[in-house]
There are 2 protein chains.
Amino acid sequence: MGVKGAETRDRMLDATQELIETGGYFGAGLNQVIAASGTPRGSLYFHFPGGKDQLVGESVRRAGRTIGDALEGLADSSASAAEFVDAVLRSLGDRLEESGWRKGCPVATVALETASTNDPLQEACSEVYASWEATLRARLTGRPDADDLAVLILALVEGALLLARTHRSREPLDGVARQIGVLLR
Amino acid sequence: MGVKGAETRDRMLDATQELIETGGYFGAGLNQVIAASGTPRGSLYFHFPGGKDQLVGESVRRAGRTIGDALEGLADSSASAAEFVDAVLRSLGDRLEESGWRKGCPVATVALETASTNDPLQEACSEVYASWEATLRARLTGRPDADDLAVLILALVEGALLLARTHRSREPLDGVARQIGVLLR
DNA sequence: AAAAATATGTAGACCGATCTATTATGGAGT
DNA sequence: ACTCCATAATAGATCGGTCTACATATTTTT
């Protein structure tokens with residue numbers, strides 16, 4: 001793949017990721033993708049012969065890696081598990097508020113939309129969540145019930161993000177942050 | 001409104017609720033709604049002059065009341081807060097698994113899909129969540145931080161439900177249930 | 001090194017299917 | 001008789017996807 005082609009491909013993934021985050025699978029219409037990325041329709045099927053599902057699948061996995069890397073970063077710079085979770089909640093809260101309550105979890109909407117109707121995408125979302133769980137678990141080694149705790153923290157963060165976006169308020173994230181100490185004593 | 005009309009209206013809401021739960025706002029195409037309910041297309045706009053958004057809005061609020069009532073019931077028959085949350089998780093897990101991983105939270109998908117693009121529906125979802133929060137809060141009176149705890153529990157349940165549906169497994173719900181005691185000591 | 005051949009990518013018109021919504025008409029209930 | 005509601009045909013827009021033509025690189029051949 002040449003330089004030009006890679007750029008076009010990237011611009012398409014960027015636009016899709018952005019649209020998905022705001023409106024999910026159906027919010028990322030191909031017309032909107034090509035309009036937002038400034039790329040022609042035909043090129044889409046050149047770079048993504050699998051069509052929309054391939055495009056969305058790659059976008060989800062890509063977003064999963066981005067968030068995953070951010071998690072690793074926060075884990076490394078946190079002294080305790082409680083501090084780590086607090087940093088995650090604050091960081092995601094900033095992102096959400098600064099985007100005008102548009103950018104919550106880049107996976108959740110697609111995950112729910114496709115859970116029962118699109119196996120390849122369901123699997124992609126499942127794998128992203130599993131990778132995040134693994135990252136959390138790695139930060140909790142040594143604790144008893146590290147497995148359960150990792151799942152619990154991920155559920156807590158995802159749920160708080162859902163409520164915060166729906167209410168258009170940081171309160172759910174802040175409320176969870178205030179109580180996280182009790183859990184990770 | 002006559003008896004016949006009310007029945008038709010109800011059948012439409014039933015079908016919409018079912019479709020929404022499986023596939024969200026865009027999973028509930030009007031063609032599917034009328035096919036599943038066996039009602040004619042024109043009648044839809046007779047009973048719901050506001051079109052699809054009115055139909056979905058009423059379905060969401062209706063599902064919100066159904067779940068809310070179930071929460072109240074479980075709250076009444078639980079001896080402690082921890083027992084209550086455990087019962088909620090188990091009940092939702094049963095519902096999810098028995099439906100073939102289709103029926104998670106009847107609000108979450110629509111909430112995420114419409115959060116940034118459809119204010120009336122975003123508001124409907126926000127109000128349903130607020131009502132559930134209030135129910136949880138009522139079961140926690142007496143505790144310090146009852147407000148925070150209600151939000152935390154709702155986030156936990158919503159997050160666990162999202163993960164369980166995505167992974168097609170009860171594990172996230174069970175894992176949270178195992179750790180809930182620590183939180184509500 | 002110049003020319004020819006091939007691969008890579010762009011570009012947009014176009015297709016059938018599906019979407020929500022509207023309309024006109026006819027029948028059922030009271 | 002008059003309201004309530006059912007019914008289907010249809011409109012107009014948008015959806016994902018395909019197609020052909022064209023342009024630009026890159027390699028091969030001479």
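Here is the naming used below: chain letters follow the sequence lines, and residue numbers restart at 1 for every chain.
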Subject >> 5' precedence on DNA chain C between A/Met12 and B/Asp53 (nearest-nucleotide basis) >> reply: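 That would be A/Met12.
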
Subject >> Of A/Arg41 and B/Lys52, the one whose closest DNA chain C nucleotide lies more 5' >> reply: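 Its nucleotide being nearer the 5' end, the pick is A/Arg41.
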
Separation of [N] [atom2] from [X] [atom1] (nearest whole Å):
| X | N | atom1 | atom2 | result |
| --- | --- | --- | --- | --- |
| B/Leu55 | C/dC19 | CG | C1' | 15 Å |
| A/Gln54 | D/dG16 | CD | P | 15 Å |
| A/Leu30 | C/dG16 | CG | P | 19 Å |
| A/Ile34 | C/dA13 | CD1 | P | 11 Å |
| A/Tyr25 | D/dT14 | OH | P | 19 Å |
| A/Phe26 | C/dT18 | CZ | C1' | 12 Å |
| B/Phe46 | C/dT25 | CZ | P | 18 Å |
| A/Leu44 | D/dG17 | CG | P | 9 Å |

**OP:** Please identify each residue that fulfils salt bridge (Lys or Arg N to Asp or Glu O under 4.0 Å) with B/Arg168, with sequence neighbours left out.
**Re:**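 Expected list: A/Asp119.
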
Just N and O in the side chain of [X]: are any of them under 4.0 Å from OP1 or OP2 of [N]?
| X | N | answer |
| --- | --- | --- |
| A/Thr8 | C/dG9 | no |
| B/Asn31 | C/dC19 | yes |
| A/Tyr45 | D/dT18 | no |

Mind checking whether [X] and [Y] have side chains closer than 4.5 Å, heavy atoms only?
| X | Y | value |
| --- | --- | --- |
| B/Leu152 | B/Leu183 | yes |
| B/Leu162 | A/Tyr129 | yes |
| A/Tyr25 | A/Lys52 | yes |
| A/Asn31 | A/Arg41 | yes |

**OP:** Would you classify A/Gly42 as touching base, sugar-phosphate or nothing, given that sugar-phosphate means primed atoms plus P, OP1 and OP2, and contacts are heavy atoms under 4.0 Å?
**Re:**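 The residue A/Gly42 makes base contact.
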
Original post:
Has the side chain of A/Arg9 got a donor or acceptor atom sitting under 3.5 Å from an opposite partner on the base of C/dG9?
Top reply: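 Not at all, since no donor on one side and acceptor on the other fall under 3.5 Å apart.
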
Subject >> Pairwise 5' ranking along DNA chain D for A/Pro49 and A/Gln32, keeping only the more 5' one >> reply: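 Here A/Gln32 is the residue nearer the 5' end.
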
Subject >> Side chain of A/His47 - closest among D/dG16, C/dG9, C/dT20 >> reply: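 Comparing D/dG16, C/dG9, C/dT20 against the side chain of A/His47, the answer is C/dG9.
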
